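Below is one structure, written out as structure tokens; the observations come after it.
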Amino acid sequence: MTTAAPPLAPTATRVAALRRARAGTRLRRAALLAGLLAAAVALTLTVGRSVTPPLDVLRVLAGQDVPGATFAVRDLRLPRAVLSALAGMSFGLGGIVFQTLLRNPLASPDIIGISAGASAAAVLGIVVLGWSGAAVSVLAVTAGLAVAALIYLLSWRDGVTGARLILIGIGLSAMLDSMIAYVLSRAPAWTLQDALRWLTGSVNGATADQALPVLAALVVFGGTLIARRGTLEAMRLGDDTAAALGVPLTRDKALIVMAAVGLIAVATAMAGPVSFVAFLSGPIALRIAGPGRAPLVPAALTGALLVVLGDFAGQHLLPGRYPVGVVTGALGAPFLIYLIVRAHRTAGGRT
Amino acid sequence: MTAPVLAAQRLEAGYGQNPVITGLDFTVPPGRITAIVGANACGKSTLLRSLSRLLRPAEGAVTLDGTAIRSMSTRALARRLGLLPQSPVAPDGITVADLVSHGRYPHHGPLSRWSAADDQAVARALDATRTAELADRDIDALSGGQRQRVWIAMALAQDTDLLLLDEPTTFLDVAHQIEVLDLLEDLNRDRGTTIVMVLHDLNMAARYADHLVAMHAGAIAAAGAPETVLTEAVVERVFGLRARIMADPVTGKPMMLPLGRHARGTPHPQGKADQT
């Protein structure tokens, strides 16, 4: 490198070395998270009501038929792990994008009512309209997008600022939550079980058919977001600076918000609004990846870890069985309170 | 490369329904340093924001070498015209080198990769602003003057031959103000960068600008060499302030001494004593 390339000015060499060192650190930490996720998935594939020997798990994954293990691993645990990981990635990525764009950790889609919108529509569809299956999912995705658009319109006044959007979102979220509670209280018993999943989120009875739309959304919307990470970084410098750097603000903001909402809405339609995963993933990933950049990939991996481990804890570690949303909700609520307390101490912080 | 010509024609711009500036014609002298001065809310920031496309004019147009900047792509414009807004936001925990690297944004498409040329542009910007030794430091750990130099470095990494700055010296103590203005003068001399800046301090503006623009009530009240613009009559008209103008003993540039209501002293050369 030093002999082949044309000689660089000392500063340029140093800039390049610093950049490579930071990129190396980021890569190592993302690899660590990916390793943890792989380990967590391996754990959920191995341990269930009974423990399957790891070798049998590998043989099932390789396509062999192992009596006594194939059904549990291939048909029960694998779809559940895959749906958990994919939904978690969607929540984590969608969450960090919102938090970065609005420069506020409270601006996560599950706090500002986008998940609540999807849930309310789904509950309404199941209980009032008597719908089920794919129709409910489509309704939930549409409602998620509609609520995002509504929040955006309500908070528009010569542009959108983070604080106003967050407060309007929290208000809207409360309205939607009370609507869900009202509909559930009038729900006939036979629809209640199906509708309850929309309260906290659950990967019970996951199938490969559920994982597929989440994967597709991750490829399309997640790909869009990762491709625009440079734009997202420029937007962190404030609207004026980003515009001065040549970011087409109106177009790219709309595109990025739509992609993030799409991720959240599809994952919510398939796994329910797994509480606080979108909200928690970004701040946790930031602490692991270090400051400086918006940790998009680490946040996606953290989201996946939270859902996979949360589901495992809910199924096997806690007395009784709980859907994953109950576990992540129990983790997220104290963190939300901590953030709000800290935001008040720093006089509102940067909004 | 010949110096670019940035100009505004019959410009009307403002916020909401009320135009702040109306019918303004203005051509930035290419290859020179221009300072825009004026009282608060006279439209100087509005003019700067319109010139850099942050604000869409209600009427008229801003052109760069004859082409309306509205018709250019945002990236193409950002490769030719840099802007440092009044109070830019630094993300938490970002290092100096990373911040300056953002200046390369308009030179990249969605798929292009970072290259050695980008490293060199960042290094040139760091060297020019004497911030190279701070490259790995956290931006929050710097002094106000250092931080402002880093922001200017970011705009420099954009490699534009036009640089617009909105009050680059506000909130800086006098030594740091001089540091930043000296840097801008260096850039103008060494790289031929055309500089337009909004300044509050009339004396600094007269000292560093080749071309001084005094704005009042959304229009240009006076424009030209500092010696012709910074006069007692213009200060009275633009700021509503009684002042005395004299030649700066070192550079010979005009220097303003504000009088206010309480200043007493020797009789004014033109007539009666200044009394309250």
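Chain letters run A, B, ... following the sequence lines, proteins first and then strands; every chain starts at 1. Predicted model, so just to flag it, every value in this text is computed and none were measured.
- The line from CD1 of Ile94(B) to CZ of Arg236(A) is 6.5 Å long, rounded to the nearest 0.5 Å.
- Put simply, CG on Asp119(B) and OG1 on Thr11(A) are 11.0 Å apart, with the number rounded to the nearest 0.5 Å.
- The distance from the CZ atom of Arg20(A) to the CH2 atom of Trp114(B) is 12.5 Å, given to the nearest 0.5 Å.
- Side chains of Pro88(B) and Thr241(A) form a contact here, defined as non-hydrogen atoms less than 4.5 Å apart.
- In this structure, chain A has a heavy atom under 4.5 Å from the side chain of Arg49(B), while its backbone stays farther away.
- Scanning both residues, His102(B) and Ala234(A), for their nearest heavy atoms gives CE1-N, 4.1 Å.
- One finds the OG atom of Ser101(B) at 7.0 Å from the CZ atom of Arg22(A) (value rounded to the nearest 0.5 Å).
- Heavy-atom distances place no part of Arg228(A) under 4.5 Å from chain B, backbone and side chain included.
- Counting only distance, with no hydrogens or angles, the side chain of Arg53(B) and the backbone of Ala244(A) share no donor-acceptor pair below 3.5 Å.
- Rounding to the nearest 0.5 Å places CG of Leu245(A) at 10.5 Å from OG1 of Thr74(B).
- Identified by a heavy-atom distance below 4.5 Å to chain A, the contributing residues of residues 54-61 of chain B are Leu54(B), in residue-number order.
- When heavy atoms are compared at a cutoff of 4.5 Å, Thr95(B) approaches chain A solely by way of its side chain, counted from C-beta outward.
- Contact annotation for Leu126(B): only side-chain heavy atoms (C-beta onward) come within less than 4.5 Å of a heavy atom of chain A.
- In this structure, chain B has no heavy atom under 4.5 Å from any part of Thr100(A).
- Within the 4.5 angstrom heavy-atom criterion, only backbone atoms of Glu133(B) (N, CA, C, O) approach chain A.
- Contact annotation for Arg14(A): only side-chain heavy atoms (C-beta onward) come within less than 4.5 Å of a heavy atom of chain B.
- When Val122(B), Leu81(B), Asp98(B), Asp138(B) are compared by the number of non-hydrogen pairs under 4.5 Å with chain A, Asp98(B) comes out ahead.
- At a threshold of 4.5 Å between non-hydrogen side-chain atoms, the residues Leu237(A) and Trp151(B) count as touching.
- By the neighbour-count criterion of 12 heavy atoms within 6.0 Å, atom CZ of Arg26(A) is densely surrounded, having more than that number from other residues, nucleotides or ligands.
- Leu99(B) touches chain A through its side chain: at least one heavy atom from C-beta onward sits under 4.5 Å away, while N, CA, C and O do not.
- Applying the 6.0 Å contact sphere to CE of Met258(A) captures no more than 12 heavy atoms from other residues, nucleotides or ligands.
- Interatomic distance, OG1 of Thr13(A) versus CD of Gln120(B), reported as 8.5 Å (0.5 Å rounding).
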